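Letters A, B, ... are given to chains in the order of the sequence lines, protein chains preceding strands, and every chain is numbered from 1. Since the model is a prediction, treat every value here as computed from it, not as a measurement. Only this structure's heavy atoms are used, side chains among them; waters, hydrogens and symmetry mates stay out.
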Protein chains: 2
Amino acid sequence: MDPAGPRRPPTLADVARLAGVSAMTVSRLINEQGKVSRPTADRVRLAMQQLRYRPNPLARGLAGGRTQTLGVVTFDTAQYGPASTLLGIERAARERGYGVAIAAIARPDHDALRDAVLSLHDHQVDGLVVIAPFVATAGALRDLEGTTPVVVAEAGHPGEAPIVGIDQGHGARLATRHLLGLGHRTVHHVAGPDDWIESRLRVAGWRDELASAALAAPPPIETDWSAAAGYAAGVRLVEQGDVTAVFAANDQIALGLLHAFHARGLRVPDEVSIVGFDDTPESAYYTPALTTVRQDFGRLGEVAVALLDQRVADPSLVVENKQLITPTLVVRSSTAAPRHRGRG
Amino acid sequence: MDPAGPRRPPTLADVARLAGVSAMTVSRLINEQGKVSRPTADRVRLAMQQLRYRPNPLARGLAGGRTQTLGVVTFDTAQYGPASTLLGIERAARERGYGVAIAAIARPDHDALRDAVLSLHDHQVDGLVVIAPFVATAGALRDLEGTTPVVVAEAGHPGEAPIVGIDQGHGARLATRHLLGLGHRTVHHVAGPDDWIESRLRVAGWRDELASAALAAPPPIETDWSAAAGYAAGVRLVEQGDVTAVFAANDQIALGLLHAFHARGLRVPDEVSIVGFDDTPESAYYTPALTTVRQDFGRLGEVAVALLDQRVADPSLVVENKQLITPTLVVRSSTAAPRHRGRG
DNA sequence: CGTCGCGAGGTTAGCGCAAACATCATATGA
DNA sequence: TCATATGATGTTTGCGCTAACCTCGCGACG
């Protein structure tokens with residue numbers, strides 16, 4: 001049957017020949033543009049199956065401008081949040097027939113983000129999701145205006161592109177309110193890096209909630225999100241001596257805190273209560289199980305892709321520039337009413 | 001200067017015109033094929049800068065077959081190992097001038113892997129890294145033979161494609177030997193899923209080491225890698241009653257174990273010693289700090305990409321079909337000599 | 001009964017680039 | 001001195017596909 005030879009993949013023209021139609025008819029069928037009669041469509045579909053035809057996305061991109069690919073810019077970290085979001089995006093994209101190209105940025109600065117965005121733009125991605133919640137990246141997305149639809153996931157600069165995020169301020173308020181509701185006099189905060197937008201939003205939410213209770217916010221301790229930094233912060237808090245409730249900016253920091261308090265003989269939650277943020281799968285198995293704020297990253301990815309897909313289909317579409325998913329508080333065993341007074 | 005209008009991106013032809021040369025000369029310069037004189041090269045480079053020319057990867061791919069893109073197939077999980085490996089690959093790829101397209105597979109089966117591989121193949125990636133260490137995926141890579149170079153990362157079926165991995169068996173032996181060396185009579189194992197190749201390799205290494213010490217292996221407990229499953233396994237081990245040393249197949253499982261033992265009042269390491277696997281950044285802050293086997297995933301990504309790059313440059317290259325990176329043991333506070341006899 | 005409108009298709013021309021081959025100097029050696 | 005290699009360029013062609021335009025036949029409508 002098959003003449004021997006370096007069997008190159010079948011092209012649209014091969015399908016057309018086999019089905020006895022022109023290439024355009026096949027193309028129309030693939031792109032669902034209608035204008036193809038039932039019998040013809042059936043013949044073409046049969047030919048496609050026989051040849052195991054697969055459209056060449058590169059050629060489609062070159063000729064038509066659509067590549068069926070979405071780009072994702074993410075931060076070069078295996079942390080739970082960004083990693084989960086990336087996978088959520090990938091899943092949602094695949095379900096909609098898109099491929100996914102990624103570019104990770106190593107440093108949280110403007111130029112790195114620009115490079116990543118341009119490189120994906122070169123590959124003519126149909127749309128772009130940016131997970132790069134850094135303060136310093138403001139303006140890096142400007143050039144793309146009117147070129148490629150962009151959605152910012154998790155946190156971003158208002159006005160640059162529509163943002164799909166989890167309501168960080170709300171989460172922080174939930175955590176703080178929970179601790180205050182338990183009877184703590186105040187709540188300390190161990191924050192993430194100040195150059196992350198999310199960090200700032202969590203700090204702001206915590207401050208707001210304290211303010212609502214007419215309480216002054218103690219100075220937050222800044223960290224780099226790591227358990228190691230959380231541990232160091234924990235040591236400082238122990239030395240400070242009057243701490244009964246701590247809101248940690250993520251679960252890793254909370255773990256470091258737990259470790260530090262345990263090492264110094266401070267019992268959690270008897271003497272100090274701790275709330276984390278993220279609800280990583282492990283946090284339920286910390287000792288004690290961590291009370292934390294749950295963020296649904298999978299949903300975030302889905303919503304971001306859904307929005308992007310709309311904008312790809314209709315670039316003129318005007319969308320709300322901010323869509324927030326509401327996080328929830330998961331109460332476990334690291335928080336309790338204060339039983340022992342702080343030493344101060 | 002600029003005539004108004006819908007300014008489309010400059011093409012190679014634009015550069016050629018501005019530099020007063022033919023398109024081919026520009027193309028040769030870009031592709032570093034030599035054969036371009038210094039003065040000409042300088043003129044062309046200047047023109048490229050002036051126009052801010054960026055080659056169109058789609059067109060390059062269509063015309064030349066090279067897309068400067070690597071594909072990565074990974075498993076749909078935010079777990080530390082796969083996520084770190086993915087990022088390591090991305091970093092190494094970017095340093096070598098490649099873009100990265102990803103495809104995540106949701107189920108560990110043959111068809112899912114096939115789909116992922118084909119979709120990346122459609123996009124004409126120059127090479128493919130597969131991180132999909134499942135038993136069930138054997139043979140899914142066969143079709144690509146002679147088409148696209150493939151490297152399997154972490155674990156794979158021998159003979160399908162070159163494998164770059166971390167020596168799982170060695171890591172498992174390290175862990176087991178450490179516990180035995182401490183004086184434990186035997187070592188229990190809480191394994192990962194049996195349909196993961198890595199799981200099986202760790203089980204095998206643990207068995208081997210026990211065998212070398214003339215010990216029979218107690219039946220391993222199978223889990224799904226999660227802390228929750230580790231917790232359940234821990235509960236079973238506590239009920240069993242004669243356990244003094246446990247080797248957990250990863251750090252999450254170890255965390256679950258820690259939690260279960262703590263909940264049942266069993267002190268670690270006084271009554272039971274635990275060794276994990278991976279050395280996630282958090283494991284040093286578990287309570288107690290976890291003794292574990294460190295895997296350098298970043299390095300894994302680098303080595304995989306380096307190998308792939310070689311194979312892309314010279315497809316006829318014959319490479320060793322297995323390159324192993326040696327893991328190391330990180331001793332922390334979750335292991336100690338047995339002080340209390342088991343109850344059995 | 002002409003023609004208008006529309007559905008179903010075909011034709012032509014590129015998208016931006018690189019492979020393959022052609023061209024034309026200039027060096028190199030017999 | 002002339003064939004011949006070698007380096008530096010240009011020309012042509014086509015990768016696989018789609019946009020834009022064109023054709024043809026047929027039913028509806030005045």
Given [options], identify the nucleotide with an atom nearest to the side chain of [X].
| X | options | value |
| --- | --- | --- |
| B:L12 | C:dG9, D:dT11, C:dC17 | C:dC17 |
| A:S27 | D:dT18, D:dG10, D:dG16 | D:dT18 |
| A:M24 | D:dG16, D:dA20, C:dA19 | D:dA20 |
| A:A63 | D:dC15, C:dC15, D:dG10 | C:dC15 |
| B:T11 | D:dT9, C:dG10, C:dC17 | C:dC17 |
| B:T25 | D:dT18, C:dG16, D:dT9 | D:dT9 |
| A:A23 | C:dA18, D:dG16, D:dT18 | D:dT18 |

Legend entry - Positions of residues 43-61 of chain B (non-hydrogen atom under 4.0 Å from DNA chain D), listed by number: none

Atom pair distance, as rounded to whole Å: [atom1] in [X] and [atom2] in [N]:
| X | N | atom1 | atom2 | answer |
| --- | --- | --- | --- | --- |
| B:I30 | C:dC17 | CD1 | C1' | 9 Å |
| B:D122 | D:dC17 | CG | C1' | 14 Å |
| A:R66 | D:dA19 | CZ | C1' | 13 Å |
| B:Q68 | C:dC17 | CD | P | 13 Å |
| B:L29 | D:dA8 | CG | C1' | 13 Å |
| A:L62 | D:dC15 | CG | P | 13 Å |
| B:N31 | C:dA18 | CG | C1' | 7 Å |

Inset, instruction - Count the heavy atoms of every other residue, nucleotide or ligand shown that sit under 6.0 Å from CZ of A:R299, and state whether that count exceeds 12. - result: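 Atom CZ in A:R299 is not packed in, count stays at 12 or less.
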
For residues [X] and [Y], determine if any side-chain heavy atom of one lies less than 4.5 Å from a side-chain heavy atom of the other.
| X | Y | result |
| --- | --- | --- |
| A:R96 | A:L70 | no |
| B:V312 | B:R66 | yes |
| A:T69 | A:Y98 | no |
| A:Y53 | A:I30 | yes |

Inset, instruction - Look at the side chain of A:D14 and the backbone N and O of A:T11, then say whether any donor-acceptor pair between them is shorter than 3.5 Å. - result: yes

Legend entry - Expected output: side-chain B:T67 to main-chain B:Q124 donor-acceptor under 3.5 Å: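 A pair under 3.5 Å: yes.
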
Inset, instruction - Describe the nucleic acid contact of B:R28 in one word from base, sugar-phosphate, nothing, applying a heavy-atom distance below 4.0 Å. - result: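 Since a base atom lies under 4.0 Å of B:R28, the category is base.
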
Inset, instruction - Ignoring backbone atoms, establish whether B:T40 has a side-chain N or O less than 4.0 Å from OP1 or OP2 of D:dA8. - result: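 So the side chain of B:T40 is outside the cut-off, no N or O lying under 4.0 Å from OP1 or OP2 of D:dA8.
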
Inset, instruction - Return the 5'-most residue of the pair B:G64, B:A41 with respect to DNA chain D, ranking by each residue's nearest nucleotide. - result: B:A41

